Amino acid sequence: MMESFLDKYGEDLTAEKYVTNPAIARDKELKELVMVLLTPEKSACLVGKPGIGKTAIVEGLAYHMQMNDMPKALMGYKVYKVSTPALLGTTDGENKVMQLVNEMKEREKIIVFIDEIHMLMGASVANGPMDLANMFKEGLGRGTVKLIGATTVDEYERYVLRDKAFVRRFQRIDISEPTQEMCVQILMRTVPKIEYQTGVKLNYTDFIKENIMKFIVNMTSEYKRVYEISSRYPDIALTVLRQCFSQALFDNSAEVKFKHIYEAVKATKVVYPDVIRKELPIFAETFKDELQAEGIAVEIPPEE
């Protein structure tokens with residue numbers, strides 16, 4: 001029996017262990033995605049800037065499927081994530097996209113998520129001119145194949161819009177950057193997941209935790225970010241939060257303390273150095289009592 005393409009190259013998101021709902025504060029976008037998947041002959045394309053959580057929304061779909069919190073028409077479905085590089089090239093002389101399409105026709109209740117789907121537009125097959133995206137069209141048109149694609153606004157307009165037949169079968173879902181308030185809630189509700197992944201705890205009251213998250217979100221607001229990173233909320237704020245846990249791990253500490261948060265803020269590369277110099281006095285004032293209790297003196301780095 002031929003090895004399953006999805007089992008070999010895909011990741012079954014409905015089999016993952018979720019500590020919390022990955023699609024925090026994204027109920028509207030998740031409902032829109034579900035409505036598209038319930039529509040015959042339609043698949044979905046999530047369009048938004050890098051780092052705003054397009055993949056998290058698909059993981060949220062899988063999470064709700066695990067919880068049996070789905071319309072009956074989608075109950076029992078599996079969501080597979082397949083990376084775009086895995087679809088390029090051939091295996092034993094057969095094109096990989098064709099292998100995937102054929103398997104999706106044979107199996108039932110399968111949804112495939114392809115991030116950076118624009119990479120399939122205009123790509124060559126065995127050095128030939130065939131468009132890989134064309135291979136999905138027959139299945140998409142008959143409704144036998146359900147896909148979720150994801151791409152950025154620029155790449156959607158540059159690559160995907162050229163293929164009118166492909167666009168007709170994909171419902172565009174615009175994913176906006178979360179607000180600062182939403183981002184704070186995303187960070188708060190992601191802490192248990194990071195604690196589970198690292199084995200390190202953030203043992204402060206919810207009030208102090210929320211103030212920590214507000215500080216991180218504020219220090220990574222749009223005009224403070226290093227331009228070349230091109231990342232957005234919540235990803236850029238999550239990067240700083242994860243660095244706090246990394247500092248604790250480096251220190252062989254079972255808990256994230258304020259010295260680890262301070263070191264993460266001081267060392268982060270996601271905002272400009274002058275931003276760090278301006279934010280550290282705010283950090284020192286905001287958490288004056290906690291820093292004093294833990295015997296930490298905040299030092300402002302010299303100008304470069």
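Because the structure is predicted, anything quoted here is derived from the model rather than measured.
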Those residues at least two apart in sequence (or on a different chain) that pass salt bridge (Lys or Arg N to Asp or Glu O under 4.0 Å) with Glu32 are none
Going by heavy atoms in the side chains, are [X] and [Y] under 4.5 Å from each other?
X      : Y      : result
Ile148 : Leu61  : yes
Thr152 : Pro50  : yes
Phe5   : Asn102 : no
Arg232 : Arg225 : yes
Lys224 : Glu279 : yes
Thr39  : Gln171 : no
Asp7   : Tyr80  : yes
Tyr18  : Leu13  : yes

For a quick test of your reading: what N or O donor-acceptor pairs under 3.5 Å do the side chains of residues 62-79 make, sequence neighbours left out?
unit_1: His64; atom_1: ND1; unit_2: Asp69; atom_2: OD2; d: 2.9
unit_1: Gln66; atom_1: NE2; unit_2: Thr14; atom_2: O; d: 3.0
unit_1: Gln66; atom_1: NE2; unit_2: Glu16; atom_2: O; d: 2.5

Between atom [atom1] of [X] and atom [atom2] of [Y], what is the distance when rounded to the nearest 0.5 Å?
X      : Y      : atom1 : atom2 : value
Met213 : Leu187 : CE    : CG    : 5.5 Å
Asn21  : Thr190 : CG    : OG1   : 9.5 Å
Ile173 : Leu33  : CD1   : CG    : 5.0 Å
Lys49  : Ser231 : NZ    : OG    : 11.5 Å
Ile194 : Leu238 : CD1   : CG    : 6.0 Å
Glu11  : Ser83  : CD    : OG    : 10.0 Å

For the pair [X] (side chain) and [Y] (backbone), establish whether a donor and an acceptor sit closer than 3.5 Å, ignoring hydrogens and angles.
X      : Y      : answer
Thr286 : Phe283 : no
Lys266 : Arg277 : no
Thr84  : Asp115 : yes
Thr20  : Lys193 : no
Asn218 : Lys214 : no
Lys54  : Cys45  : no
Glu195 : Leu202 : yes
Glu177 : Tyr233 : yes

Ala23 and Gly60 have their tightest heavy-atom pair at CB-CA, 3.7 Å
Non-hydrogen atoms of Arg26 and Ser176 that approach each other most closely
NH2-O, 2.7 Å
Answer yes if Tyr262 and Ile216 sit in the same cluster of Ile, Leu, Val, Met, Phe, Trp and Tyr residues linked by side chain heavy atoms under 4.5 Å apart, and no otherwise.
yes
Counterpart residues, side-chain hydrogen bond (donor to acceptor under 3.5 Å, both in side chains), relative to Tyr156 (two or more places apart):
none
Apply side-chain hydrogen bond (donor to acceptor under 3.5 Å, both in side chains) to Thr220 and list each qualifying residue two or more places apart in sequence or on a separate chain.
none
Donor-acceptor list for residues 287-301 side chains, cut-off 3.5 Å, not counting sequence neighbours:
unit_1: Glu294; atom_1: OE1; unit_2: Phe258; atom_2: N; d: 3.0
unit_1: Glu294; atom_1: OE2; unit_2: Tyr204; atom_2: OH; d: 2.6

May I have the list of side-chain donor-acceptor pairs in residues 268-276 shorter than 3.5 Å, sequence neighbours left out?
unit_1: Thr268; atom_1: OG1; unit_2: Gln243; atom_2: OE1; d: 3.1
unit_1: Thr268; atom_1: OG1; unit_2: Val270; atom_2: N; d: 3.4
unit_1: Tyr272; atom_1: OH; unit_2: Tyr227; atom_2: N; d: 2.9

If you count the non-hydrogen atoms of other residues, nucleotides and ligands that lie under 6.0 Å from OH in Tyr159, is the total more than 12?
no
If the threshold is 4.0 Å, N to carboxylate O, is there a salt bridge linking Asp251 and Lys259?
yes
Checking Ser4 against Glu103: is there a side-chain donor and acceptor pair closer than 3.5 Å?
yes
